[in-house]
Structures are given as C-alpha cells and as structure tokens.
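One structure is given here, and the rest of the page talks about it.
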Amino acid sequence: MSGEKTVADWKALAEKELKRPADTLIWHTPEGIDVKPLYTAEDLEGVGHLGTLPGFDPFIRGPRATMYAGRPWTIRQYAGFSTAEASNAFYRKALAAGQQGVSVAFDLATHRGYDSNHPRVEGDVGKAGVAIDSVEDMKILFDGIPLENISVSMTMNGAVIPILANFIVTGEEQGVSRDKLSGTIQNDILKEFMVRNTYIYPPAPSMRIIADIIEYTAKEMPKFNSISISGYHMQEAGATLVQELAFTLADGREYVRAALAKGLNVDEFAGRLSFFFAIGMNFFMEAAKLRAARLLWTRIMKEFEPKKQSSLMLRTHCQTSGVSLQEQDPYNNVIRTAYEALSAALGGTQSLHTNALDEAIALPTEFSARIARNTQLILQNETGVTKVVDPLAGSYYVESLTNELAEKAWALIEEVEAMGGMTKAVDAGLPKRLIEEAATRRQAAVDKGEEVIVGVNKFRLENEEAIDILEIDNTAVRLSQVKRIEETKRRRDSAAVEKALARLTEVARTGEGNILEAAVDAARERATVGEISDAMRAVFGDHAAVPKVVRNIYGKAYEGDPELSILADRLKTYTEAKGAAPRILVAKLGQDGHDRGAKVIASAFGDIGFDVVAGPLFQTPDEAADLAVKEKVQVVGMSSLAAGHKTLAPQLVEALKAKGAEHIIVVVGGVIPRQDYDYLLEHGVSAVFGPGTNVMDAARSVLDLVEGRLRND
C-alpha cells in the first residue's frame, strides 16, 4: 500500500521529534545487548524458535501446555526465623493464609556444618535463618505440617547431607515414608564456589556428594527434586543476565554428567532436576531470560539422548531480587517486588518467592511478609495474567531478546565447555572473575548516577522515617540451641551414634556405599549436623578459597572524572607524608560467605589508590585482628551482610585492643539497620556505611579518618 510506513519513515519522524539521531536512544545493557527504541517484524527474521507451542520441545512458551490457565504457579515463600519454633509458627500461619509450599532458610552456622555450640559461630546462630542441629530441631520445624501433602524446598548446599538426612528421618517419625516426601533440596555446590561460598568440602568430594544424593533420591524419593541448579545467587553477586543464564545451565550439564557417571539412566533423574533464577528490575529481559533458559536446556539435554520428552524440560523456581531492594525509602521495595513478580509470571516460572520490603536490612517481619505473599495472590487472582498461556509470545521485542540472550549465553557455555566443563572453569576462576568484574562495573554505574535507583541516587528523601524491623536475640537463640543439643546427646545411645558415624566416614573414605544413606542412619541415632559434617571432614577436609580482587574496573569507569582526581590528589599527599598509601584490610567475619560487597570495596578502593589487603572468608574477630597487626594496616573494614555485626564488630575492636593495636581504625559496612549505628559507634567502631552507600563517599570518609589519626599522631 502506498500509505504504508517503513522503519526509515519512523526514524525520520523520531529524529524530528528528538532533534538528534535516533541511535542515541539505544540502551547499551550490561549483557552487551544493544536495545533499540523500536522493534519490528524485521528483527525476527531468521529467529528459529517462532511458531513453537507451550508444552512441546523446546518448551520456550512453557513446560506445560496450559501453564497458568490450567494451574497457577506455586506460591512458595522462603523464610527461617532463628528458631525452629518461630519458623514453624510462621509456616503454619502462611499455609493457612494461602501459601502453597514451605521454603526453608537456614542460619549460616547450619549452612557451614557447625553445631550451634561451636566457638566459630557465636555471632551467626539464628541469624539469617533457622538454626538446625539435629532431628529434634527438624521435628519441631515441621510439627503440625503434613509432609505427605506439603512440598518442602530447602536452600542448603554445604551441609546438604545432614540436613536432607534429618528431613528424611523427620518424615519417618511423622509417619511419612521417604517415597511420599515432595519438595526440593538446592544441592548446587558449584554455584557456592563461584559466588555464595557456603561450602564445606573441596570441589571433587562435593561433586561426589551431589551424585550420591541424585542416586539415592532417584531410587528412594520419586517425588523429590534432588537438585535446584541456582542462578539466583549469581545475579545477586553481580552477574549479568547472560552470565547467570550461561553458568547456571553449564552447572546443570555438569551435574547430569556426574549422575551418569554413577551409572544412572538419564530418564531416571532428569525429571527431578529443577532450576532457580533471580528476577531483577530489567523487566522484559528477565521474562525473556526464562524463555531462553528453556530453549538452551532442551538443547543441552538432547546431548544425553533421553527417551522421555519430559527429560528435556527446564522447570524453575524464581525469587525476586534481593539486591534490588534498598534501605532508603523502603516502601519502594513493594513496588519493585511487584514488577519483578509480574516479570517472573510472564516468563513462565513454576513457583515464586516474593521478597519483603524490609529484607534489605533484616529478616522480614510478619507484616512485611504478608504484603510479599499477597503480592502474588493479587497477581494470580486479580490481574488476569493467568488467563492466557505465554502472553508475551510474538512480541517483536521479547522474541528478539529471547533469541539474543540465548545466543550470547550459548557462546559463554561453549567457552566453559572448551575449558573442560564447569568444574574446571570454577577451578580456574573464570566465572568468579567475570561476575566480580560485572558487579564492580555496576557499582560504578550506580555511584555515578548512570544507573538510576529511585530513593538512592535520585529522588532521595531529605528525611526518612525508621521502619520496624525484626530483631533477633542471637545470644538467647544460641543458649536455647546449646541446651537442646546437650539434652539430645544425654538421651541418645552414644555407642550407636559412634558406630553410625564411623560407618559414614568409611563410606566417604572408600566410596563403597551411598553417603546420604549412611547419614540417614546416623541422623536416626541423633548424630548432630556438626558430627555428621565432621565425619566427612575427616576424609574430605575443608575447602579454603584464596581471595583475589579484580582491578581496573571501578577506576576505569571514573577515568577523567574530577571527583576521582580530587580524591587521588588527597591520597597522594597522604602517601608523601607517610611514605606509603593508607593500608586497609577488608575483612569478612563469621560464617557469612556473601562477599559481593567486600569484593567491590576491595576492588574500588584499590583502584582509587588505597593499599588493600583482602582478608579470607570465615575469620573470627581474633584472627582478623592478628591479620591486621601482621599486615600493619591503618584501617579494618568489616563487611557484614548476615546480621552478625552487633556481636562480631565489638569483638574485633576488643581483639585489636588486646593486641596493643587500638590505633587501628575499625569501620563497618553492609546490611546494617540504622538503629544499630549508635550501638556500633558506642562500641568502638569509627564509621558505619549502610546499604546504598556511594563507594566514593565511603573512600572519602575513610581517608578523613586516616588523616585525622595522622594529625593526632
């Protein structure tokens, strides 16, 4: 038709409106995808997946034919509240209010295979999740929750063997045989070595543990998902969506190979593999990511020649982003979470957790958890989004994004494959380095205001009202747990426990038998989580990562910026006066392995001009003080993301004093509620940098402290 308009016509009109080239509207994303302001049918030429239907290979439009039109996604809220009693009360109330499954968050002591009475976990017990030391705790956790009807998801990797063993025994003692238990255990250790760091054993024995769990569950627990291959923590650590997609699927490929090496048939376990992705604020790209994930997983699984079509399906749980939540103007987090939840639904998730508005600073309160759950109930029941299967299908933009994400992720998957697979890539440090570079690059973009976060670096309130948050009495929880451990040990048959633990160690040593099966026997005799973990530690040992810091990422982003030049001049003046640049130890104390913040600070401070010492993970305050003295630092920067700061920071200050090093300045940064600032300052901390702190501002403040100490000296 003569009146039909072309893209060239649109471009001319656009440039007339803009008074500049239309290409200036192109969005250069962190994934290396150039998002155009206009998409048309021309962008879909050559895209091979168009015309596919839901429920059929390659499942881009969903693993089930009817998707939410037949049954909505499962509302599965992730929670753990310090004690088994408190968590149980929350689960029961949430189930009565419409939640459809239980998802358990464990404390960091449990994640790392320590009992609550271990001296290394004094500041971690009951923080960031529920403390579980034995079957007795697990029985309380699920008291009154019918495990034959309710599926249970457990985010556990390091101590996966004792936790799953305790769950199986709890089912037995509730009268539910293991073949009737349903749910998922995360069991994704490669991701731990990349980003989350709640590992215990080195990679090789950890992979053996995973294979044993897949074998045991395939034979004994047909309704239970033996692994949840998790990209969530990669995105939370700073990965781009392409990196999250590629590394998650490459992990999955590695786990399939490990199971096949045990002699299993692929169709015996493929249907029990599940995935777990983060959903951030890039709305359409997140939806496209889930569609691309199903496409690529089908491609990967075809390599293993399964006989069942269902073995090709990618099934996934999603969780809205924790990193996108902000301490500043926190009610904005309700809005962020709602958009992310809608994106997950449009992408075709099978289950979903929505974060609460206060999770940037603490575990959610009952009030905030209700809003988070109701976000999903409203989405399912009031918006009409469940009425149509894959409503974004055919969108020029979304289909183009799906295709481009798939292509870029596949190229990275092939790079990993060329290294010999994901285990070797992890050993070589490739995924960790790329993710840390991406995290540092994004932090620079936020600090410079190039990436807008409402209420943080733009539209910020002059005065913010404090909100009520959940406060955990760490000391009381720990004393309660220790008392229960002592009571459990007093009542059990010690000889039977020792025999079961010796058997577990023998299975670990020889490879003859199944590790999970032996652990179930030990748990039945009331061996604790720490004892079961130690029985394997005796053979496998502990994994110890060597901290490495990426360089020339943050500084490059600020290249030529006057803000950096002024700060660099100040650092130069200090260096000339003292003969060396100010030296800072970036320390991670307790069992918190989330090191994104620490790595970004170490990298950025190094680029700015500080002399940075990156401390190892899992230090005690005394060990960090020893390292600070040995390295002759002026400042210790303690990074805290798991609520242990009120215990660990004062202990660090006292440890430095005890070593005659009270001249060393202590600052604390991370997930620190404002109401805790005064407590920390009163206990010897010189400065507190909460969530959303601009790194350049933090660097200036630390230099102010160092220069003030220099003047006083």
Side-chain angles (χ1 to χ4, degrees), residues 112 118-124 197 542 544-549 551 571 574-593 595 597-642 644-670 672 679-689 698-713:
R112 294 269 294 141
H118 197 285
R120 297 196 72 88
V121 300
E122 185 177 347
D124 297 300
N197 300 311
D542 284 277
V546 178
K548 294 179 181 178
V549 177
R551 296 297 300 269
L571 282 161
Y574 175 92
T575 302
E576 289 172 351
K578 291 290 287 184
R583 193 164 169 82
I584 180 171
L585 167 64
V586 179
K588 286 290 295 181
L589 306 186
Q591 300 306 306
D592 172 21
D595 61 353
K599 288 293 184 66
V600 167
I601 288 294
S603 177
F605 270 50
D607 285 359
I608 291 166
F610 285 82
D611 186 3
V612 178
V613 178
L617 292 170
F618 313 127
Q619 284 195 306
T620 65
D622 199 59
E623 289 167 347
D626 280 338
L627 184 59
V629 171
K630 177 186 174 185
E631 294 288 347
K632 298 179 181 177
V633 302
Q634 284 80 49
V635 183
V636 177
M638 174 185 152
S639 173
S640 175
L641 272 80
H645 50 271
K646 287 177 72 174
T647 300
L648 298 169
Q651 289 181 354
L652 174 60
V653 171
E654 291 304 313
L656 288 168
K657 286 180 181 177
K659 298 175 194 307
E662 58 269 20
H663 62 282
I664 295 178
I665 298 163
V666 175
V667 299
V668 180
I672 317 240
Y679 178 90
L680 294 174
L681 295 172
E682 289 164 5
H683 285 77
V685 172
S686 296
V688 181
F689 304 107
R700 275 190 293 270
S701 297
V702 170
L703 185 54
D704 288 344
L705 290 168
V706 173
E707 288 178 335
R709 184 63 57 87
L710 175 62
R711 286 192 293 271
N712 292 335
D713 291 345

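Quick note: residue numbers are just sequence positions, from 1.
Rounded to the nearest 0.5 Å, atoms NZ (Lys599) and OG (Ser639) are 11.0 Å apart. Here the NZ atom belonging to Lys548 is positioned 15.0 Å from the CZ atom belonging to Arg551, to the nearest 0.5 angstrom. A distance of 10.5 Å separates CG in Asp611 from CD1 in Ile584, rounded to the nearest 0.5 Å. Between Asp592 atom CG and Arg112 atom CZ the span is 11.0 Å, to the nearest 0.5 Å. Note that CD of Glu654 is 10.0 Å distant from CD of Glu662, once rounded to the nearest 0.5 Å. Summarising the geometry, atom OG belonging to Ser603 is positioned 9.5 Å from atom CD1 belonging to Ile608; distances are rounded to the nearest 0.5 Å.
Smallest separation of non-hydrogen atoms from Val586 and Ala598: CG1-O, 3.7 Å. Scanning all heavy atoms of the two residues, the minimum distance from Tyr679 to Pro650 falls at CE2-CG, 4.1 Å. Contact between Tyr574 and Pro582 at its shortest, heavy atoms only, is CD2-CD, 3.3 Å.
The shortest side-chain heavy-atom distance between Phe689 and Ile672 does not fall under the 4.5 Å cut-off. With contacts defined as side-chain heavy-atom distances shorter than 4.5 Å, the pair Leu652/Leu589 qualifies. Inter-residue side-chain proximity for Asp704 and Val702 is flagged as unmet; no heavy-atom pair is nearer than 4.5 Å.
Under the rule for a side chain to side chain contact (heavy atoms under 4.5 Å, CB included), the partners of Ala604 that lie at least two apart in sequence or sit in another chain are Tyr554, Val695.
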Stepwise side-chain contact (heavy atoms from CB on, under 4.5 Å) check, Met638 with Leu648
CA-CA 9 Å; Met638 174 185 152; Leu648 298 169; 3.8 Å; yes

Start with the C-alpha gap between Val636 and Ile665, add the side-chain angles, then the distance that decides, and say whether side-chain contact (heavy atoms from CB on, under 4.5 Å) holds.
CA-CA 6 Å; Val636 177; Ile665 298 163; over 6 Å; no

I would like to know whether Val666 and Leu656 meet side-chain contact (heavy atoms from CB on, under 4.5 Å); could you show each step before the answer?
CA-CA 9 Å; Val666 175; Leu656 288 168; 3.5 Å; yes

Should Val706 and Val635 be marked as a side-chain contact (heavy atoms from CB on, under 4.5 Å) after you check the CA-CA gap, both sets of side-chain angles, and the distance that decides it?
CA-CA 8 Å; Val706 173; Val635 183; 3.5 Å; yes

Test side-chain hydrogen bond (donor to acceptor under 3.5 Å, both in side chains) applied to Arg583 and Gln634, step by step
CA-CA 6 Å; Arg583 193 164 169 82; Gln634 284 80 49; over 6 Å; no

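The backbone N or O of Leu571 lies less than 3.5 Å from a partner atom in the side chain of Thr575, making a donor-acceptor pair. A donor-acceptor pair is defined here as one N or O able to donate and one able to accept, closer than 3.5 Å; no such pair exists between the side chain of Asp124 and the backbone of Gly590.
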Scan the side chains in residues 612-629 for donor-acceptor partners under 3.5 Å anywhere in the protein, sequence neighbours excluded, and list what turns up.
from: Thr620; atom 1: OG1; to: Glu623; atom 2: N; distance (Å): 3.1
from: Thr620; atom 1: OG1; to: Glu623; atom 2: OE1; distance (Å): 3.4
from: Asp622; atom 1: OD1; to: Lys659; atom 2: NZ; distance (Å): 3.0
from: Glu623; atom 1: OE1; to: Arg120; atom 2: NH2; distance (Å): 3.0
from: Glu623; atom 1: OE1; to: Thr620; atom 2: N; distance (Å): 3.0
from: Glu623; atom 1: OE2; to: Arg120; atom 2: NH1; distance (Å): 3.1
from: Asp626; atom 1: OD1; to: Lys659; atom 2: NZ; distance (Å): 2.9

